[in-house]
Amino acid sequence: MNEHDSERIAGLLDADGLEAAESIDDADVVVLNTCCIRENADNKLYGHLGHLKSVKDRRPELQIAIAGCLAQKDRDLIRERAPQVDVVFGTHNVHRAAELLQEARTGGPVVEILEGAVAEDAEAFPSALPVRREVAHAAWVTIQIGCDNNCAFCIVPAVRGAEMSRPFADVVAEVTELVADGVTEVTLLGQNVNSYGRDLTTRLRGDVPVAADRDLAGGRWVDDQRRRPRALFADLLREVGAVPGLRRVRYTSPHPKDFRADVAVAMAETETVCEHLHLPLQSGSDRILAAMHRGYTAERYLERLAEARTTIEDLAVTTDIIVGFPGETDDDFERTLEVAAEAGYDSAYTFIYSPRPGTEAAARTDSFVDPDAAGDRYERLRAVIDRSTRIRHEARIGRVETATVEGPSRRDPALFTARTRQNKMIHVPSPEHPKVGSLVDVRVVRAGTHSLRGELVEVVADAPRRRRRIPVVAV
Ligand code: 5AD
Ligand code: SF4
């Protein structure tokens, strides 16, 4: 989400006539986009600000802006500790980035934080704004902002506010527009995508569907006579997946407590939706899951995962796991190891619990886990995950997979890197690299922990042509 915000800020500044600089020393404007979900975000921010202060001492015309959820949370502290900052803005007013910088140029430092998104405001939704994409063929599309859950470790509900879904027709229209612009792959973004649309369906009025209802909640459900509130994510996957010219759809993240069969069936039946499910486990212990307020048990999680694997052929599964949550015992942790092994993940993001000020778990200081014990658990969990990744990767040797070319490999430019439907990176030697964005068939020849090695079979589809934009000038 935050990375997407950075692209939006870059896009807005681009649209305002700025160009990307090679380094801070060449820049007129520096925007630090913060994320308090990251560990140590505040220390890192003040580290960067220290460096920027010395640049600004030399070049006072440099403008410094701080964006993102840490800015939102710590606005006063930032102004106090870093008076060299010109603009502070939050997650709900990213669309004002260029104006705020302009205001600061003439009127001095500006702090503007909007506390919540406005339901009717299309600008509240990140992707309704210009975006400078890092790659031309892939784009993120926000379908929902905020989160109505209350996981005890998580700062998101406090900083991103209540869950709000973007109208169905807007999402489909944006994807259609992106495809016309040369995009072939989209990733739908939300904190809890399975509840996408529930809030939209409660906004429908009357017994007879009208055109506005269809725009809000999609065509299929609106005709349902009972008009009960309902999640629309499965419908959205089907509809987005059917946009002509789109090759691949991914999404993140579902919540295990809300992941239902209709979404798995939509994934299986929609050719463009990739066989990859990121299903955050967080812990394998029921006691800890309850303390985290996750709303499921390990058994329920594994059942849902098994159902998804039955419905979706050749499914890759990834997850997020936290070790050392307050009160976690050795026994709790052993359960996490068991569940992780049983789930057979393709890969996992693993975290050592760290308190985020203002969250429920951060107050449980008397049950914090000893850092050495947490570090030790982390290493043991990594070993289990890496073993599982290796097994999953080795099982793919000999298969031919269709992958999207991302460009030369960072480590060895003689190879190109491509991404499979299962979201795995595959490095392929080739004297002449296929164009970025094209689809290639590659045979998997070797498996590593982080990626696969392949050989090129053939190029199956070229990179799409990008629509040329003709600038329009108002006179
Ligand atoms: N400590 C450690 N990990 C956390 N995450 C979120 N908050 C914390 C925290 N306080 C992890 C969760 C989440 C992922 C995005 O970050 O696993 O799914
Ligand atoms: Fe945070 Fe839980 Fe919401 Fe995910 S579902 S954003 S972990 S509160």
Side-chain angles (χ1 to χ4, degrees), residues 1-5 34-43 68-70 72-73 91 117 142-165 187-196 198-199 231 233 251-259 277-285 288-296 298 301 304 317-328 332-333 336 339-340 343 345 347-365 367-369 371 373-375 377-378 381-382 385:
M1 190 64 87
N2 201 54
E3 219 174 299
H4 183 29
D5 277 351
T34 62
C35 176
C36 50
I37 298 158
R38 301 258 160 82
E39 195 172 0
N40 248 330
D42 46 356
N43 289 338
C69 49
L70 185 65
Q72 182 154 333
K73 196 164 72 64
T91 57
T142 304
I143 64 165
Q144 176 194 51
I145 53 176
C147 181
D148 284 348
N149 294 310
N150 62 335
C151 303
F153 52 81
C154 181
I155 190 75
V156 167
V159 292
R160 298 260 167 176
E163 218 166 272
M164 205 171 84
S165 305
T187 303
L188 305 179
L189 290 179
Q191 300 294 351
N192 181 11
V193 295
N194 303 91
S195 59
Y196 166 80
R198 214 173 275 156
D199 54 327
F233 187 60
Y251 68 92
T252 194
S253 295
H255 192 303
K257 82 177 160 59
D258 297 320
F259 188 82
L277 182 64
H278 181 74
L279 200 61
L281 170 68
Q282 310 298 3
S283 168
S285 150
I288 296 298
L289 286 169
M292 288 174 164
H293 310 312
R294 289 290 290 174
Y296 53 86
Y301 176 97
R304 292 205 157 160
V317 180
T318 56
T319 198
D320 293 343
I321 301 175
I322 300 175
V323 300
F325 184 79
E328 184 187 74
D332 292 318
F333 174 66
T336 298
V339 176
Y345 293 117
S347 70
Y349 294 105
T350 45
F351 305 89
I352 295 180
Y353 170 77
S354 81
R356 304 289 191 267
T359 56
E360 187 185 319
R364 298 184 200 156
T365 46
S367 47
F368 277 6
V369 171
R377 288 177 193 170
Y378 182 85
L381 176 64
R382 271 308 339 154
I385 299 292

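Order of listing sets the numbers, starting from 1, for every ligand and every atom in it.
Ligand 2 lies nowhere less than 4.0 angstrom from a heavy atom belonging to Q282.
Checked for salt-bridge contact, E328 and R377 meet the test: a charged N lies under 4.0 Å from a carboxylate O.
Within the listing of ligand 1, atoms 2 (C) sit less than 4.0 angstrom from a heavy atom of I352. Within ligand 1, counting atoms from 1 as listed, the ones closer than 4.0 Å to a heavy atom of Y353 are 1 (N), 2 (C), 10 (N).
Residue F351 touches ligand 1 through its side chain alone, judged by heavy-atom distances below 4.0 Å. Of the heavy atoms in P157, only side-chain atoms (C-beta onward) come closer than 4.0 Å to ligand 2. Contact annotation: for I155 versus ligand 1, there are no heavy atoms closer than 4.0 Å.
Annotation: atom 3 (Fe) of ligand 2 to nearest protein heavy atom, C147 SG, 2.2 Å. In this structure, atom 2 (Fe) of ligand 2 lies nearest to the protein heavy atom C151 SG, 2.2 Å. Looking only at protein heavy atoms, the nearest one to atom 5 (N) of ligand 1 is I322 CD1, 4.0 Å. Looking at atom 12 (C) of ligand 1, its nearest protein heavy atom turns out to be Q282 OE1, 3.5 Å. Looking only at heavy atoms of the protein, atom 14 (C) of ligand 1 is closest to D320 OD2, 3.5 Å.
For atom 6 (S) of ligand 2, the choice among H255, Q191, K257 with the nearest heavy atom turns out to be Q191. For atom 7 (N) of ligand 1, the nearest non-hydrogen atom from the set Y349, F325, F153 belongs to F153. Comparing S354, P280, A152, S283 by heavy-atom distance to atom 1 (N) of ligand 1, the nearest is S354.
For a distance bound of 2.8 Å, the N, O or S atoms of C154 include one lying that close to atom 1 (Fe) of ligand 2.
Here the NE2 atom belonging to H255 is positioned 9.0 Å from the CG atom belonging to N194, to the nearest 0.5 angstrom. Rounding to the nearest 0.5 angstrom, the gap separating the OH atom in Y353 from the CZ atom in F153 is 9.5 Å.
One side chain, D258 or N192, offers a donor N or O that lies under 3.5 Å from an acceptor on the other. Between D199 and S165, the side chains place a donor N or O and an acceptor N or O closer than 3.5 Å (distance only, hydrogens not considered). Between T350 and Y378, the side chains place a donor N or O and an acceptor N or O closer than 3.5 Å (distance only, hydrogens not considered).
Of the candidates T318, I385, D320, Y349 forms a side-chain contact (heavy atoms from CB on, under 4.5 Å) with just one, namely D320.
A perpendicular orientation is assigned to the rings of F233 and Y251, their planes being inclined by more than 60° (bins at 30° and 60°).
Within the 3.5 Å criterion, the main-chain N or O of L281 finds a donor-acceptor partner in the side chain of T319.
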